[in-house]
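Reading through the structure tokens given below for one structure.
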Amino acid sequence: MSLFQSFNINASGMTAQRFRMDVISQNVANVNTTRTEDGTPYRRKVVSFAEKDVTPFSKVLNNTREAYLGNGVKVYSVSEDTESDYIKKYDPSHPDADADGYVSYPNVNIVTEMTNMIDASRSYEANVTAFQTSKAIALKGLELGK
């Protein structure tokens with residue numbers, strides 16, 4: 001693996017975590033959205049990651065002449081959380097209340113979202129630290145060449 005490839009891997013991690021933070025921010029911003037364009041309450045979105053351009057281990061083992069290429073991470077999908085139900089609150093004066101007076105609010109839990117935001121932030125920081133370490137190694141290598 002080349003040194004510059006490690007920069008690309010760390011950059012892909014930072015990009016993926018930044019995107020995850022954007023989606024979490026969207027969830028928090030819509031915590032009280034009871035009606036979207038399709039008439040239903042906002043549904044929480046979840047980001048899934050996958051490894052970029054996965055090389056099977058058997059291929060790596062059989063082709064020992066080729067260098068193993070780790071290529072980082074990519075956003076695999078952004079899906080709606082359909083496993084958790086909407087939050088029902090009694091408010092008969094609300095325009096979106098049903099016949100029984102209950103309003104369906106998004107399935108967004110602020111505590112969960114803030115925990116996910118902290119996790120994404122820490123992952124981003126870890127990628128920044130790895131990037132800075134790779135950069136320091138490259139600079140030391142250049143100093144040796146003087």
| request: Please check if the side chain of N27 supplies one atom and the backbone of E113 the other of a donor-acceptor pair under 3.5 Å. | output: no
| message | Can a donor-acceptor pair be found, under 3.5 Å and without considering hydrogens, that links the side chain of S123 to the backbone of D119? | response | yes
| side-chain contact (heavy atoms from CB on, under 4.5 Å) partner of Y42, chosen from R35, Q26, E80 | Q26
Are [Y] and [X] connected into the same hydrophobic cluster when the rule is that any two of I, L, V, M, F, W, Y join if their side-chain heavy atoms are below 4.5 Å apart?
X	Y	result
M21	V128	yes
V47	V73	yes
V46	V108	no

| said: I'd like to check the salt bridge (charged side-chain N to carboxylate O under 4.0 Å, His left out) partners of E125; sequence neighbours left out, ordered by chain and number. | reply: R122
| query | How would you list, by chain and number, every residue that makes a salt bridge (charged side-chain N to carboxylate O under 4.0 Å, His left out) with E143, sequence neighbours excluded? | reply | K140
| message | Could you tell me if the side chain of R18 sits less than 4.5 Å from the side chain of T15, heavy atoms only? | response | yes
| task | Taking the side chain as every heavy atom from C-beta outward, state whether Q17 and F49 have any atom pair closer than 4.5 Å. | result | yes
Nearest heavy-atom pair of [X] and [Y]: which atoms, and what distance?
X	Y	answer
G72	S12	CA-OG, 3.3 Å
N107	D85	CB-O, 3.3 Å
P106	I87	O-CD1, 3.5 Å
S134	S6	OG-OG, 3.2 Å

Going by the rule side chain to side chain contact (heavy atoms under 4.5 Å, CB included), which residues pair with [X] if we only count those two or more places apart in sequence or in a different chain?
X	result
D38	T36, T40
M114	I110
T112	R44, N109, N116

| message | Filter on ring-ring contact (aromatic ring centres under 6.0 Å, His included), then keep only pairs touching residues 96-146, sequence neighbours left out; what's left? | response | F7-F131, Y90-Y102
| Is L144 isolated, or which residues cluster with it under the ILVMFWY side-chain rule of less than 4.5 Å, directly or via members? | none
Residues in side-chain hydrogen bond (donor to acceptor under 3.5 Å, both in side chains) contact with [X], at least two apart in sequence or another chain:
X	value
K45	none
S104	K88
S93	D91
T33	N30

| field | Pairs flagged by salt bridge (Lys or Arg N to Asp or Glu O under 4.0 Å) wherever residues 100-111 is involved - sequence neighbours left out | value | none
